[in-house]
Amino acid sequence: MEYGYFDDRNREYVITNPKTPVKWINYVGTLAFGGLIDHTGGALICAGDPALNRITRYLALLPGSEFKGQTLYLRIREGSRYRVFSPFFVPTLDPYDRYECHVGLGYVRIVSEFYGLRANVTLFVPPGEARLLEDIRITNIAGRPLEVDAVPVVEYTHPDALKQITNADWVPQTMQSKAYPEAGGLLILAQYPFMLRDTRINYLTSNRPVSSFESDRRRFLGDNEYGTWARPLSLQAAELGCYEAQRGDNIAALLHHLGPLAPGETRRLITQLGQAPSVEAARPGIAAYRDEARVDRAFAELAASWERYLSSLQVETPDPAMDRMLNIHNPRQCHTTFQWSRYLSLYQTGYGERGIGFRDSAQDAMGVLAGLPQEAKELLRRLLSVQRAGGSAMHQFNPLTMQASVGDAAERPDLPQYYSDDHLWIVLAVCAYLKETGDLAFLDEPVPYYERGRDGRPLATGSVRHHLEAAVEFTRGDLGAHGLPLLGFADWNDTVNLRAGAESLFTAHLYGRALLELADLLRHLGETVAAGKYLAWYEEMKARVNACAWDGAWYIRYFDADGTPLGSHTDAQGQIYANAQSWAVLSGFATPERARRAMDSLYEWLNTPCGIKLSMPGFNGFDPARGGITTYPPGAKENGGIFLHANPWAIIAEALLGNGDRAYAYYAQINPAARNDQIDTFECEPWVYPQNILGDEHPQFGLARNSWLTGTASWAYQAGTQYILGLQPTYAGLRIDPCLPAAWAGYRARRRFRGATYEIEVANPEHVSRGVARLAVDGRMLQGNVVPAFADRATHHIEVVLGLASG
Ligand code: NOJ
């Protein structure tokens, strides 16, 4: 069964059946102001931090049919009664004649037809604004005049999102609303918890006269809330009660008489849900966005900002589903993870237990470098500022307060209180930023370390370069019995939590990769001695890994504190782990024979038609000595599930080994855009990568969950663009080193790089996977495959021919 279709021309996915297996969502705005809109118009909006400044009350745990955060009611006068329904389908669930939810770039548009009314409602946050606009157009398609009212409704939460759930005394005693009538019947309905009355208010307002309003949920639903969101009793009266809530569950409902609509006639109503220091401060912005032309301009500006972002790379390959992802949906998901880290989705509910993840955001930044270099730099600065002076990093931080924590490690004080991989990701991310932008001055910028004195001032500050060096030095000094990095509370795999003293092969590989990056950077800076030092450290770790971690047909994943290997053929469960193989290639530690053998073992034991499993066989029973992995049944999440984040690493590893067919097969099999006809199994949005898919040990093999906020976004984008298509930023320029499926005759791409535009045409006449035989820049042959960076902002034509004659 299909629930909708891709509209590539408009860069949308159009949902045509609102009864999707789980809610499907889109994001509007940014972390500064924005949130998620579900496909039936529910909205979770916040400003700066979903835990500490949440605006709408969206309870993801309620069934899909329930009101969540906001809706729009329409009503048609029928004699002395009203026919009341929501054009968003939820929460009234009326039968619809047409229903479309257009999931666009930074907006959601719901187009529906019920009872002779067509609604066309676009929800978006104008770039840089602290307001959600709802641009509502209602058209009479009944063939007879209709008397129509429109009632947008928002339900507020206390800004402290968790307190709203946990404290049902303090919260309702503080919540208040106040109406500010304006000339011409316009109204601003403000809402605040008492303590913020004079400093920060939320408001709902519109550009048409409001004949009455309600701000108290009990009065709106009626009958002491035995009236329901599906049938609010107050909407059967001619007017709402105009009650300014002094406490309780605050809502904002604004009743607009759109008047008699003649057949074919359309009325436009624009609402604004915003936040400001005060109503006075909000007035100019409110006035501006009451103007229809201003709203049209804002929508055009939104489209232009997405166009700017996406135009950093557009491709044309023989695979339309790959083009769809690389040109539209994958970079959009990268933008989303970059904004929200793992903080706010239907699965990561933003109540404060996570915040912005250090390692997650470092990897997310790598997905947006071409499109948002300045914003990425800003995020890197923030991440560096929660690195400890010793080189390791805090695991996550709250974006409003910059208060950091050790994450889940805090729940297990018996285990080490740091993650062994966190700090190493920042080396990869900063080097990737430098290669994209050439902004080497960033290395000298001073950034404080996290530790603070009693006065709240940083105890130490170091240059960005010093931060990177401290990161690898920390790992070099934090070794276990085999000379491998200690695991800490966990490495990238959060869920293997072993006794102190355990060692991590993943961290060893990531350390190796980070050392190669640093050495490459230093060589570029002309510092060969310093580069040599890191290469010596690299060789030292490579030798240790190869001396103790080869299991015969694959690399093991950990050593337990007592020296027992994990991820070995001797294990009954967790015999082989994907990351131990792919990262042995990414680090360059694996010898060529072992690399091939390890990746073949991965293919043989871990590959499925829905993607690569993280490990196998799954642990079958809770074992506190193993940690979180054993809290899942076999086949779920990290316990033998298809944990998608790890799949692009296998793609990259295969590409590095030159196996273009397998790299592409791995890419194609997890492409969500190719799952549109399998939604009854897959269940999640087909335009984003989910974090996990149940593996083949689970009865519901193929079921996806935790869509949107996953490192899969950034890595699938990197794997597709840098390793399959082979467009790799380097310090010297753009290296072109594709690793294609042999069947491909080539591809085209348009890449913005350091201000210039590269029109790239790759031909593959001999149907090889890899090897640049010829490369011409603007018609002139080039030695090698690194196209120089041009400072001219011009367009350059790059012709590449792959073939066996490559040097
Ligand atoms: C999700 C976390 O956000 C990410 O940091 C981690 O690497 C994966 N889980 C794997 O455990």
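Counting convention: from 1, in listed order, for ligands and their atoms alike.
- Nearest protein neighbour of atom 3 (O) of ligand 1, counting heavy atoms only, is Arg354 NH2, 2.7 Å.
- Considering only non-hydrogen protein atoms, atom 9 (N) of ligand 1 sits nearest to Asp494 OD2, 3.0 Å.
- Closest protein heavy atom to atom 4 (C) of ligand 1: Asp360 OD1, 3.2 Å.
- Between Phe506 and Trp649, the ring-plane angle classifies as tilted under the 30° and 60° cut-offs.
- Contact check on Asp696 versus Lys613 returns a salt bridge, with a Lys/Arg side-chain nitrogen under 4.0 Å from an Asp/Glu carboxylate oxygen.
- Looking at atom 11 (O) of ligand 1, its nearest protein heavy atom turns out to be Glu638 OE2, 2.5 Å.
- Taking a 4.0 Å cut-off on heavy atoms, Asn493 registers as neighbouring ligand 1.
- Ion pairing of Arg359 with Asp364 is absent here, as no side-chain N (NZ or NE/NH1/NH2) approaches a carboxylate O to less than 4.0 Å.
- Ion pairing between a basic and an acidic side chain is recognised when a charged N comes within 4.0 Å of a carboxylate O; Asp49 and Arg54 show no such pairing.
- In this structure, Lys637 has no heavy atom closer than 4.0 Å to ligand 1.
- Aromatic ring orientation, Tyr603 versus Tyr666: tilted (interplanar angle from 30° to 60°).
- Close approach of ligand 1 to Arg342 is summarised as follows: ligand atoms under 4.0 Å from at least one heavy atom of the residue are 3 (O).
- The single protein non-hydrogen atom nearest to atom 7 (O) of ligand 1 is Trp492 O, 2.6 Å, given as residue, atom name and distance.
- With no hydrogens or angles considered, no side-chain donor-acceptor pair links Ser420 and Ser504 at under 3.5 Å.
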